[in-house]
Amino acid sequence: MALMKQSRLFNPDAIQSILDDWPETFAEAKVIQQRLCEKILLQDQLSSVNYIAGVDAGVLNKGRQIRASVVILNATDATVVEQKSAVVDNVFPYVPGYLSFRELPAVLSAFLQIEQLPQLIMCDGQGIAHPRRFGIACHLGLITGIPSFGVAKSKLVGDYESPSLTRGSHKPLYYQQQKIGAVLCTRDNVKPVFVSPGHLINIDSAVHWTLTMGRGFKLPEPTRVADKLASRR
DNA sequence: GCGACAG
DNA sequence: ATCTTGTCGC
């Protein structure tokens, strides 16, 4: 057989089949969440993390299209080594609890263009801190098979005690008697972010990587850079 | 019915 | 998410 370097991370056909079967109703989407959430693993499966991806999306043309950006950063110094974006027609409205069905079509399109495989993915949004334990970080992690977690600017579900306003301070986030994430202060005197595992990672590691990739801003570099790319006008 | 509600 | 300039504070 031909000896060639794989130029793409995923089998385009596999991704395309997932996009072809993308749900069109909330009822359908809910069934998918209930089925897939059982496959989520919250045990670390992180080998050596050399590259970490930041993912985010923004709207274009008054909401008619979604632009997603995937940024690959060097895990040791948080420098950007690659960045790709994709624009797709908006196929799902924003409704709390169904964010992944709105953003992932664009995110997956952007991921298909990435050359450097990341060992960890940081999403702008929730992981298991979700009504059905299946936020966008879980969905993307399961589809890609890459460890993933979410860093959200605000809460979707759960109860917590406010951590002190000191960088590194954090408190557990609880929902239905279960610990589902952490409320973490990433910068002195700034409101905390909500960190939760997506797939193949535990809460402590998610918190660790959020702090490790921080650069003096509320948001860690991966999602901060992806956000700037996706929301630029 | 009321409050909560990722982006 | 997005509308939007300068301005206050560490």
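Below, chain A is the first sequence line, B the second, and so on; all start at residue 1.
- Using bins of under 30°, 30° to 60° and over 60° for the plane-to-plane angle, the ring pair A/Tyr98/A/Phe26 lands in the perpendicular bin.
- Checking the phosphate oxygens (OP1, OP2) of C/dC3, a side-chain nitrogen or oxygen of A/Arg233 falls inside 4.0 Å.
- Side chain to side chain, A/Gln126 and A/Arg133 fail the donor-acceptor criterion of an N or O pair below 3.5 Å.
- Using bins of under 30°, 30° to 60° and over 60° for the plane-to-plane angle, the ring pair A/Trp22/A/His139 lands in the parallel bin.
- Remark: the A/Ser205 side chain and the A/Asn202 side chain contain an N/O donor-acceptor pair separated by less than 3.5 Å.
- Nearest-nucleotide assignment on DNA chain C puts the 5′-proximal partner with A/Ala230, out of A/Arg187 and A/Ala230.
- The nearest heavy atom of DNA chain C to A/Ser231 and to A/Asn189 marks one nucleotide each, and the one closer to the 5' end goes with A/Ser231.
- Between A/Arg64 atom CZ and C/dT2 atom C1' the separation is 15 Å, expressed in whole Å.
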Compile the donor-acceptor pairs under 3.5 Å between side chains in residues 46-61 of chain A and protein atoms, sequence neighbours left out, one pair per line.
from: A/Ser48; atom 1: OG; to: A/Asn50; atom 2: OD1; distance (Å): 3.4
from: A/Asn61; atom 1: ND2; to: A/Gln65; atom 2: OE1; distance (Å): 2.4

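- Listed by first then second residue, pairs satisfying ring-ring contact (aromatic ring centres under 6.0 Å, His included) with a partner in residues 183-217 of chain A read A/Tyr160-A/Phe194, not counting sequence neighbours.
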What string of B, S and - do you get for nucleotides 1-7 of chain B, 5' to 3', if B is base contact, S is sugar-phosphate-only contact and - is no contact with any protein heavy atom under 4.0 Å? ----BBB

